[in-house]
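The structure appears below as structure tokens.
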Amino acid sequence: MEEHRTWAARRKRIHDIIEVGSLEDRISRFYDLINSMSIVVNLMVSILYTFESFRLQFGPWLLSIEAVTVAFFTVDYGLRLWTARCSWPKLSESRSLWNYVTSFSGIVDLLSFLPYYLPIFFPSGAVAFRMFRVVRIFRLFRINAYYDSLNVITEVIASKRQQLMSSVFIILILMLASSLCMYSLEHEAQPDVFTNAFSGIWWSVSTLLTVGYGDIYPITNTGKLFSIVITFLGVGMVAIPTGIISAGFVDQYSRVKRLSEYANETDIHFIKIQLAKKDWWSGHTIQSLGLPAGVIVAAIQRDGRIIVPRGSVELLPGDTLVLGARALGEDRHIDLKEMVLRSQNPWNGQRIRDLDISRQTIIVMVRRKGNVLIPNGDLILLEGDSIILYTQSHIRGLNTIEV
């Protein structure tokens, strides 16, 4: 049992290292740096190897560097397979592996090193396998996860994907319609140029998205007039996705600024709490807390810095958490009572378990010198304590708190 816990702790530590690390975890940040450098170096070697002068002079060195970076990708893939369970702790081992292997990052990680080794077993397919190495360029998306400024691009595209797909669909329809019309107008005048509908599609693409390449263009007056109209439409159509992405960037960067206003409009409440060493949340990741629906960790303040509350972030003692929750929106309220213990109060110096109170009275919390104490049975009440309780009995000197 102890050995199993040790292996589980090691796997959790390896998972924290190979995933995007916090600023406090130097080993994880160092691994992130090595991973980023390996991706960039591998792509640079692939590009330099296409130049004959570099290939003749530094060919063996380039191949050696490529072999080292690919070996790193292989080890990285193996570690991610081993620690997949940590990314999906609520799933089984096999299901966690399947989630990673079939994910976009898992497929890219696999194809970044597998084509390098396949020619060893299948020499006849070496040329085809080399083509798959181009997939390594998608590993650059892993660098995207290391920097919040780059993450904005992914978040904007994901949030505006419906609008972008609609604009692309409109552009495709316009391309198809304009290509068929231009083919009908120019085929008789230029049968060798506008030979089929595909020739019209090439003209429409080059006209709508650029100013044309000059290899195919209309010569009839009707075709030229139609080309002018299509050119004007192309400027407007291409501007649509540009405007959508620009608006997405503005919304994303101003989201935090509007958070307080949004909270007032939608009745979202935020509270700040500070973790202590004895708190159960200390040492656990956000995704393992099991927060109820409607409650989120909006921000984490650690040593004067604000940390993005991703699910893999581990909470530490001393962290200040900003929790957000949506109001229930119902009319019924829970009325709590507040009582401050004076010098003559009989509760002074007594344990909570020894108090002579009815079963309808529940002590919710105790505030003492600015600290909030958990009202367990062994807690001794002192003069000056502020006691928050729920009761259906009549007790003199209580102030009502509406929740």
Side-chain angles (χ1 to χ4, degrees), residues 11-12 14-21 28 31-47 49-50 63 65-162 164-165 168 245 285 287 308 310-313:
R11 180 159 68 171
K12 179 63 171 60
I14 294 297
H15 175 266
D16 294 340
I17 292 176
I18 64 178
E19 291 297 328
V20 180
S28 181
Y31 186 88
D32 295 343
L33 178 62
I34 296 298
N35 197 357
S36 302
M37 290 180 59
S38 299
I39 296 171
V40 174
V41 169
N42 184 273
L43 292 176
M44 290 180 60
V45 167
S46 300
I47 294 173
Y49 198 77
T50 61
L63 292 177
I65 295 174
E66 183 184 28
V68 171
T69 54
V70 171
F72 176 81
F73 297 156
T74 306
V75 174
D76 179 79
Y77 185 78
L79 292 176
R80 294 183 187 278
L81 287 177
W82 184 47
T83 60
R85 179 68 183 277
C86 298
S87 298
W88 294 275
K90 296 183 179 180
L91 301 180
S92 61
E93 189 80 31
S94 58
R95 186 62 182 175
S96 302
L97 284 173
W98 177 256
N99 281 3
Y100 170 68
V101 171
T102 57
S103 64
F104 175 77
S105 60
I107 295 174
V108 172
D109 291 344
L110 178 64
L111 294 180
S112 63
F113 72 88
L114 186 61
Y116 182 85
Y117 299 111
L118 285 178
I120 300 176
F121 306 98
F122 307 98
S124 58
V127 177
F129 296 146
R130 179 170 289 274
M131 293 176 59
F132 283 104
R133 299 185 186 182
V134 181
V135 179
R136 293 177 193 168
I137 196 172
F138 289 106
R139 285 188 68 96
L140 289 174
F141 285 107
R142 192 170 292 282
I143 299 179
N144 186 43
Y146 299 148
Y147 304 98
D148 293 333
S149 58
L150 295 179
N151 280 330
V152 174
I153 300 175
T154 304
E155 294 174 0
V156 168
I157 294 177
S159 62
K160 300 295 183 180
R161 61 183 181 276
Q162 296 293 340
L164 291 174
M165 290 177 62
V168 171
I245 295 177
T285 59
Q287 63 187 5
V308 179
R310 299 188 179 90
S312 59
V313 174

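Looking at Arg80, its side chain does come within 3.5 Å of a backbone N or O of Ile18 through a donor-acceptor pair.
Every residue two or more places apart in sequence or in another chain that forms a salt bridge (charged side-chain N to carboxylate O under 4.0 Å, His left out) with Arg11 is listed here: Glu93. Residues forming a side chain to side chain donor-acceptor pair (under 3.5 Å) with Thr285 (at least two apart in sequence, or on another chain): Ser288. In terms of the side chain to side chain contact (heavy atoms under 4.5 Å, CB included) criterion, residue partners of Val41 (sequence neighbours excluded) are, by chain and number, Val45, Ile65, Thr69. Gln162 is linked by a side chain to side chain contact (heavy atoms under 4.5 Å, CB included) to nothing, counting only residues two or more places apart in sequence or in another chain. Every residue two or more places apart in sequence or in another chain that forms a side chain to side chain contact (heavy atoms under 4.5 Å, CB included) with Ile245 is listed here: Val156, Leu164, Phe249. Under the side chain to side chain contact (heavy atoms under 4.5 Å, CB included) criterion, Ile34 pairs with Phe30, Ser38, Phe72, not counting sequence neighbours.
Interatomic distance, Ser103 OG to Trp98 CH2, rounded to the nearest 0.5 Å: 11.0 Å. If you take CZ on Phe113 and OG1 on Thr74, they are separated by 5.0 Å, rounding to the nearest 0.5 Å. Distance check, rounded to the nearest 0.5 Å: CG of Asp76 to OG of Ser112 gives 8.0 Å.
No side-chain heavy atom of Asp16 sits under 4.5 Å from any side-chain heavy atom of Thr83.
Tested against Met44 for a side-chain contact (heavy atoms from CB on, under 4.5 Å), the candidates Val40, Asn42, Ile47 yield a single pass: Val40.
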